Amino acid sequence: MPQRSWCNGVPDCPHSDDESTENCFDMHGNWDWFMKERNWGNSNNCDTFDAPVNCTYDACRATCTNFTDVPKNLSSDVTAIFLTDNLLTHLSHDALSRYPEIRLLYLDNNNIIKLDKGVFLHQSKLFWLILTNNSISEILPGHLTGLDKLETLLLDQNKIVTADFSDLEDSTTTYLM
């Protein structure tokens, strides 16, 4: 099982071993993040009939490979999108607008250079956003608008010169890493 499926609040193993307190303990004292009660969305009611080529579904979580843009024809009920190691360079303002139910979004290890303002406007349920190892140079006001429930934002291994996180200033739960 991929590591990203451990301690994510969704039991994947028999007897839920991947979600146990023993396995989800963090020696730095932050393990309660993994055990926090969350609304994970409807993980069983995803229309996966017309899944794009190079995308696979596990419940309502989509993993896609070899894409240059966010796929436009995933189920609108998808709760997680994994676009790790793809060829994305730009996130347009409407790239994610069809996916208001996502809670987890992995966009790491691409070559994302630019985020349009408003790209996350419809992601009010998203709490885990991974943008690690891209080429993002600036986070400006409007880039993170809409992320009302965001808890974790990973931006390491980018080329950030300007960072304005004022879109998140009212958040009481966001951890920037």
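Treat the numbers as computed from the prediction; the structure is a model and nothing was measured.
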Would you check, one step at a time, whether the test side-chain contact (heavy atoms from CB on, under 4.5 Å) holds for L96 with L105? CA-CA 10 Å; L96 298 163; L105 181 58; 3.7 Å; yes
For D58 and R61, which heavy atoms make the closest approach, and how far apart are they? OD2-NH2, 2.7 Å
Short side-chain donor-acceptor distance under 3.5 Å, D108 and T84: yes
Where do L83 and C64 come nearest, in terms of heavy atoms and distance? CD2-CB, 3.6 Å
Once you round to the nearest 0.5 Å, how far does CZ of R103 lie from SG of C60? 10.0 Å
Over all heavy atoms of both residues, which pair between N86 and N110 is shortest? Give the atoms and the distance, please. C-OD1, 2.8 Å
Run the side-chain contact (heavy atoms from CB on, under 4.5 Å) check on F120 and L147 step by step: do they pass? CA-CA 6 Å; F120 301 111; L147 297 174; 3.6 Å; yes
Can you list every ring-ring contact (aromatic ring centres under 6.0 Å, His included) pair that touches residues 66-85, not counting sequence neighbours? F82-Y106
Answer yes if I113 and L154 sit in the same cluster of Ile, Leu, Val, Met, Phe, Trp and Tyr residues linked by side chain heavy atoms under 4.5 Å apart, and no otherwise. no
So, taking the atom named CG in L115 and the one named OG in S137, what distance separates them when rounded to the nearest 0.5 Å? 9.0 Å
Could you walk me through whether L129 and T152 pass side-chain contact (heavy atoms from CB on, under 4.5 Å), step by step? CA-CA 6 Å; L129 176 57; T152 302; over 6 Å; no
Shortest non-hydrogen contact between P71 and P52, atoms and distance: CB-CG, 4.3 Å
Determine yes or no for a side-chain-to-main-chain donor-acceptor pair under 3.5 angstrom, with D69 supplying the side chain and L88 the backbone. no
Kindly indicate, with the supporting measurements, whether the criterion side-chain contact (heavy atoms from CB on, under 4.5 Å) is fulfilled by Y57 and T63. CA-CA 6 Å; Y57 281 93; T63 301; over 6 Å; no
Have a look at N133 and tell me which of N109, D85, N111 forms a side chain to side chain donor-acceptor pair (under 3.5 Å) with it. N109
Looking at residues at least two apart in the chain, or sitting in another chain, which of them share a salt bridge (charged side-chain N to carboxylate O under 4.0 Å, His left out) with K117? none
Which distance, rounded to the nearest 0.5 Å, do you find between the OG1 of T79 and the CD1 of I102? 9.5 Å
Close side-chain approach of I136 and L131, heavy atoms under 4.5 Å: yes
dist D116:CG -> L91:CG (nearest 0.5 Å) comes out at 8.0 Å
What distance separates K114 NZ from E138 CD, expressed to the nearest 0.5 Å? 8.5 Å
Distance, nearest 0.5 Å, that separates CD of Q157 from OG1 of T132: 6.5 Å
Please check if the side chain of D164 supplies one atom and the backbone of S166 the other of a donor-acceptor pair under 3.5 Å. yes
Report yes or no: does Q123 contribute a side-chain atom to a donor-acceptor pair with the main-chain N or O of Y99 at less than 3.5 Å? yes
Testing the basics here: between L140 and D167, what is the closest heavy-atom pair and its distance to 0.1 Å? O-OD2, 3.9 Å
Results of side-chain contact (heavy atoms from CB on, under 4.5 Å) for D170 - residues two or more places apart only: none
Note: N134 and L107 closest approach over all heavy atoms is ND2-O, 3.0 Å
Do you reckon F165 sits in the same ILVMFWY cluster as L121, going by side-chain contacts under 4.5 Å, direct or chained? no
